[in-house]
Undergrad: 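The structure that follows is given in the form of structure tokens.
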Protein chains: 2
Amino acid sequence: MDRPLDQTDWRILTELQRDGRLSFSRLAGLVNLSSPAVAERVRRLEESGVITGYRAQVDPARAGQPLTAFVQMRCALGRCLLKTTAAEDLPEVTEVHKLSGSWCSMLKVRVASMAHLEGLLERLGEHGEMNSHIVLSTAYEGRAVVPPAPGERTVTASEGWTR
Amino acid sequence: MDRPLDQTDWRILTELQRDGRLSFSRLAGLVNLSSPAVAERVRRLEESGVITGYRAQVDPARAGQPLTAFVQMRCALGRCLLKTTAAEDLPEVTEVHKLSGSWCSMLKVRVASMAHLEGLLERLGEHGEMNSHIVLSTAYEGRAVVPPAPGERTVTASEGWTR
DNA sequence: AGTGAAAGGGATCTGGG
DNA sequence: CCCAGATCCCTTTCACT
């Protein structure tokens, strides 16, 4: 169905992850293709779901949310955050992952202050046991997705990833 | 120095986080301003560091990295990942945070397969004790930064966040 | 699948209010 | 901050390779 990404696709993805506002004509120059060819490839990357969108990157610290924390949860029966809409209603919760292992979920939260974090943790605590880790600093985050190392077997989502 | 963000700034940020390729003219329509006014505001948001860039969002699962995990590390003395360039050389490591508490850092990693994860964990293990959590599914991730709730005290990065 | 040219449409920027 | 005009560039289409 979706063919594997070739080298040109990856160059396009690399450039668009670096600058999502690149015009087709400039992008065409960067990857040594004509504008229509690039436009066609980008359209396919979007339609196949490889590119899910284009977002302005906002620095949370400069937008009033300088404090980040990870929260692991072991939810009480019937109160799992993933089953309810509780997390959806909490904009401070920026990520929710379901985990294997003894913790059932991992949250990343961003808040304005320690007092806000305390309040948020109290609300989250109603759903089960918690374990929180405050982030002191972030070395990097949101690194671009890169092409597989040469010689590495490529596995797409539709194939599944089991060996 | 940097003035607090007003309601119009937040509407601009909301729209640009939703669609980073919006033109100034369309954006102007969405926030009921003229194009030049919007262009000037966006320029200020970029220069003040609130907007750090524009990125195409790539689905890792459709780009050959369907497996996500969190790795907590308690690094051996002198081998802390944050002090070396070790993590920089590992493209699989997409986030590195320094933590308070008994674990000194939190990594988010994306890999092509369980075998790759095993190899990566072996390399990371040379730097200290590890605790890894495999992600079964992700409810959401990369949620937009939203304006503070009305009445909430706004704290910018330059003020610091201590109450 | 890609190229090249041409047309048509917008978007951005400037200057004035 | 708005408006209007002018310029420039970008996208899209089409015929052809």
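Lettering of chains follows the sequences in order, A, B, ..., and the numbering in each one begins at 1.
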Undergrad: Supply the atom-to-atom distance Ser102(B) OG to Glu129(B) CD, rounded to the nearest 0.5 angstrom.
TA: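 Going from the OG atom of Ser102(B) to the CD atom of Glu129(B) covers 9.0 Å.
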
Undergrad: Which nucleotides of nucleotides 7-13 of chain D have their base under 4.0 Å from a protein heavy atom (B), which only their sugar-phosphate (S), and which neither (-), written as one string 5' to 3'?
TA: ---SSSB

Undergrad: Within this structure, what is the CG-to-C1' distance between Leu33(B) and dC2(D), rounded to whole angstrom?
TA: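 Spelled out: CG on Leu33(B) to C1' on dC2(D) is 9 Å.
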
Undergrad: Looking at Leu16(A), Asn32(A), Leu27(A), Leu30(A), which hits side chain to side chain contact (heavy atoms under 4.5 Å, CB included) with Arg11(A)?
TA: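 For Arg11(A), the side chain to side chain contact (heavy atoms under 4.5 Å, CB included) test succeeds with only one of Leu16(A), Asn32(A), Leu27(A), Leu30(A), which is Asn32(A).
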
Undergrad: Determine whether a donor-acceptor pair (N or O, by modelled atom type, separation under 3.5 Å) exists between the side chain of Thr52(A) and the backbone of Asp59(B).
TA: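 Pair absent, no side-chain N/O of Thr52(A) close to backbone of Asp59(B).
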
Undergrad: Is a donor from one side chain sitting under 3.5 angstrom from an acceptor on the other, for His116(A) and Gln65(A)?
TA: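 Not at all, the side chains of His116(A) and Gln65(A) share no donor-acceptor pair under 3.5 Å.
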
Undergrad: Provide, to the nearest angstrom, the distance between the CG atom belonging to Asn32(B) and the P atom belonging to dC3(D).
TA: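 Nearest whole value for this atom pair: 11 Å.
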
Undergrad: What is the separation between atom CD on Gln7(B) and atom P on dC1(D), rounded to the nearest whole Å?
TA: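 Rounding to the nearest Å, CD of Gln7(B) and P of dC1(D) are 14 Å apart.
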
Undergrad: If you fit an axis to the five pairs at each end of the helix from dA1(C)-dT17(D) to dG17(C)-dC1(D), how big is the angle between those two axes, to 10 degrees?
TA: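 Inter-axis angle at the termini of the helix from dA1(C)-dT17(D) to dG17(C)-dC1(D): 30°.
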
Undergrad: Taking atom types as modelled, is there a side-chain donor on Arg110(A) or Thr68(A) under 3.5 Å from an acceptor on the other?
TA: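 Present: a donor and an acceptor within the cut-off.
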
Undergrad: Hey, are Asp6(B) and Arg41(B) close enough for a salt bridge, meaning a charged N less than 4.0 Å from a carboxylate O?
TA: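 Yes.
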
Undergrad: Contact between Met73(B) and Met106(B) at the side-chain level, heavy atoms closer than 4.5 Å - yes or no?
TA: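 A side-chain contact under 4.5 Å is absent here.
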
Undergrad: Whole Å only: how far is the CD atom of Glu40(B) from the P atom of dC13(C)?
TA: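 So the CD-P distance, Glu40(B) to dC13(C), works out to 10 Å.
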
Undergrad: Between the side chains of Glu40(A) and Arg44(A), is the shortest nitrogen-to-carboxylate-oxygen separation below 4.0 Å, so that they form an ion pair?
TA: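 Here Arg44(A) pairs with Glu40(A) in a salt bridge, since their nearest N and O are under 4.0 Å apart.
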
Undergrad: Could you check whether any side-chain N or O of Thr94(A) sits under 3.5 Å from a backbone N or O of Lys108(A), counting only pairs where one atom can act as donor and the other as acceptor?
TA: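 Checked: pair present.
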
Undergrad: Can you confirm whether the side chains of Tyr54(A) and Glu46(A) place a donor and an acceptor under 3.5 Å from each other?
TA: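 Yes - a donor-acceptor pair under 3.5 Å links their side chains.
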
Undergrad: Please tabulate the protein-to-nucleotide N/O contacts below 3.5 Å involving nucleotides 6-8 of chain C, giving atom names and distances.
TA:
none

Undergrad: Just call it for Arg43(A): base, sugar-phosphate, or nothing, with non-hydrogen atoms closer than 4.0 Å on any strand.
TA: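 No contact.
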
Undergrad: Is the backbone of Ser105(A) close enough, under 3.5 Å, to the side chain of Arg74(A) for a donor and an acceptor to pair up by distance?
TA: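 Pair absent, no side-chain N/O of Arg74(A) close to backbone of Ser105(A).
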
